[in-house]
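Heads up: numbering here begins at 1 and tracks the sequence. If you're wondering where the values come from, they're calculated on a predicted model, not measured in any experiment. Below, each value reflects all heavy atoms present in this structure, side chains not excepted, and no hydrogens, waters or symmetry copies.
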Amino acid sequence: MPTEDLLLLDFWVSPFSTRVKIALAEKGLSYETQEEDLLGGKSDLLLKSNPLYAKVPVLLHNGKPIVESTNIVYYIDETWPSHQLLPACSYGRSRARFWVDFIDKKVFDAGSNIWKSKGEELEAATNDFIDILKKLEGAMGNKDYFGGEKFGFVDIILIGLTTWFYAYEKYGGFKIEKECPKFAAWIKRCKERDSVAKNYIDPQRAYEFVGVLRKMHGVE
């Protein structure tokens, strides 16, 4: 078992940091956090640890930085293999990696297009986002989680992003529960887990933060 000297460079409303926090909780790992001011002045430690992107999250393990949230969750799962998050079989892992890649390429950007848009562009962005959720809903099928009966890697990667979904609903004028009821039920199921519940960003506060971003981007 590696030495557990863990420091997470965080920003309170980051859905990507939420992924890492949930993964650490699932592994039962203790860690310290350093809150970053991404809209003001970023710390020297963040700029040194992630010089290419200067973004959170960054996980420092014994002083060594691991960057990019999905990569960090992979690292956590490999470094502390008990209670494995990825499926045990190679086929299951390949499917998990496929859907993680889909989620990383599609979900956050599609949601951002909603709050950045108005008029016909907003309607198109909302429809695109709902279509992505329906594809994910289809991938899950009748299973409780994306990996089957067990909460796992894909669930962690996706559930963190859902902390901003209330903002997308408000600006897009839709309800996920109506458009994608199975997906909404999955969110509710995930939030019943301690690892998720204790690290889930308050959707109202995330909505208010997105409002700040809209003003910064000149949408309002």
All heavy atoms of Cys180 vs all of Ile130, minimum pair found to be SG-O, 4.2 Å
For Asp37, does the CG atom sit with more than 12 other heavy atoms under 6.0 Å from it, leaving out its own atoms? yes
Got a salt bridge between Lys27 and Asp77, using NZ or NE/NH1/NH2 to carboxylate O under 4.0 Å? yes
Could you tabulate the donor-acceptor pairs under 3.5 Å formed by side-chain atoms of residues 97-108, not counting sequence neighbours?
unit_1 : atom_1 : unit_2 : atom_2 : d
Asp101 : OD2    : Lys105 : NZ     : 3.1
Asp104 : OD1    : Arg19  : NH1    : 3.1
Asp104 : OD1    : Arg19  : NH2    : 2.8
Asp104 : OD1    : Thr70  : OG1    : 3.4
Asp104 : OD2    : Thr70  : OG1    : 2.7

Hey, what do you get for CG (Leu85) to CD (Glu78), rounding to the nearest 0.5 Å? 11.0 Å
Hydrophobic cluster of Tyr53, others only, ordered by chain and residue number, side-chain cut-off 4.5 Å: Leu52
Beyond-backbone contact of Asn199 with Leu24, side-chain heavy atoms, under 4.5 angstrom: no
Using side-chain contact (heavy atoms from CB on, under 4.5 Å) as the criterion, list what pairs up with Leu45, not counting sequence neighbours. Leu7, Leu9, Gln34, Ser43, Ser49, Leu60
Hey, does Phe153 have a side-chain heavy atom less than 4.5 Å from the side chain of Val73? yes
For Glu36, what residues pass the salt bridge (Lys or Arg N to Asp or Glu O under 4.0 Å) criterion, not counting sequence neighbours? none
Are Val56 and Val212 connected, step by step, through hydrophobic side chains (Ile, Leu, Val, Met, Phe, Trp, Tyr) whose heavy atoms are closer than 4.5 Å? yes
Using the salt bridge (Lys or Arg N to Asp or Glu O under 4.0 Å) criterion, which residues pair with Asp131? Sequence neighbours excluded. Lys135
Looking at side-chain heavy atoms only, is the closest gap between Ile159 and Tyr145 below 4.5 Å? no
Side chains of Phe151 and Cys190: does their closest heavy-atom pair fall under 4.5 Å? yes
Assess whether atom CD of Glu149 is packed by more than 12 heavy atoms of other residues, nucleotides or ligands within 6.0 Å. no
Are Tyr91 and Leu86 co-members of a hydrophobic cluster defined by side-chain heavy atoms under 4.5 Å apart? no
Under the ring-ring contact (aromatic ring centres under 6.0 Å, His included) rule, what pairs show up with a residue in residues 177-198, not counting sequence neighbours? Phe146-Trp186, Phe183-Trp186
Indicate yes or no: at least one non-hydrogen side-chain atom of Leu161 is less than 4.5 angstrom from one of Phe16. yes
For the atom pair CZ (Arg189) and CD1 (Ile187), what is the distance rounded to the nearest 0.5 Å? 10.5 Å
Salt bridge (Lys or Arg N to Asp or Glu O under 4.0 Å) partners for Arg214, two or more places apart: Glu220
What's the shortest heavy-atom distance between Lys55 and Val58, and which atoms? O-CG2, 3.5 Å
Please examine the side chains of Pro181 and Glu137, heavy atoms only from C-beta on, and report whether any two atoms are closer than 4.5 Å. yes
Sequence neighbours excluded, which residues qualify as side chain to side chain donor-acceptor pair (under 3.5 Å) partners of Ser17? Asp10, Ser14
Check: Val219 main-chain N/O paired with Lys118 side-chain donor or acceptor under 3.5 Å: yes
Quick check for you: to the nearest 0.5 Å, what is the distance between Thr79 atom OG1 and Leu6 atom CG? 9.0 Å
Would you check, one step at a time, whether the test side chain to side chain contact (heavy atoms under 4.5 Å, CB included) holds for Leu46 with Leu38? CA-CA 10 Å; Leu46 175 59; Leu38 298 189; 4.0 Å; yes
Nearest non-hydrogen partners of Thr18 and Gly160, listed with the distance: CG2-CA, 3.9 Å
Report all side-chain donor-acceptor pairs from residues 169-177 shorter than 3.5 Å, counting only partners two or more places apart or in another chain.
unit_1 : atom_1 : unit_2 : atom_2 : d
Glu169 : OE2    : Ile176 : N      : 2.7

Just how far is it from atom CD1 of Ile132 to atom CG of Asn127, taken to the nearest 0.5 Å? 11.5 Å
Quick one: CG on Asp109 to NZ on Lys116, what's the gap to the nearest 0.5 Å? 7.5 Å
Under the side chain to side chain donor-acceptor pair (under 3.5 Å) test, residues paired with Lys182 that sit two or more places apart: Asn142
Considering all heavy atoms of both residues, which atom of Pro15 and which atom of Trp164 are nearest to each other, and what is their separation? CD-NE1, 3.5 Å
Please round to the nearest 0.5 Å and tell me the distance separating atom CH2 of Trp115 and atom CZ of Phe209. 8.5 Å
Whether the side chain of Lys143 engages the backbone of Met140 through a donor-acceptor N/O pair (distance < 3.5 Å, no angle test) should be reported. yes
Does atom NZ of Lys48 have more than 12 heavy-atom neighbours from other groups under 6.0 Å away? no
Kindly indicate whether the side chain of Ile22, heavy atoms from C-beta on, has any atom under 4.5 Å from the side chain of Tyr200. no
Quick one: does Glu179's side chain get under 4.5 Å of Lys134's, heavy atoms only? yes
Do the rings of Trp80 and His61 sit parallel, tilted or perpendicular, given the 30° and 60° boundaries? tilted
With sequence neighbours left out, write down each residue that passes side chain to side chain donor-acceptor pair (under 3.5 Å) with Asn50, or none if nothing qualifies. none
Work out which heavy atom in Ile201 is nearest to a heavy atom in Ala206; give both atom names and the distance. CG2-CB, 4.2 Å
Return the set of residues passing salt bridge (Lys or Arg N to Asp or Glu O under 4.0 Å) with Asp128 (not counting sequence neighbours), or none when no residue passes. none
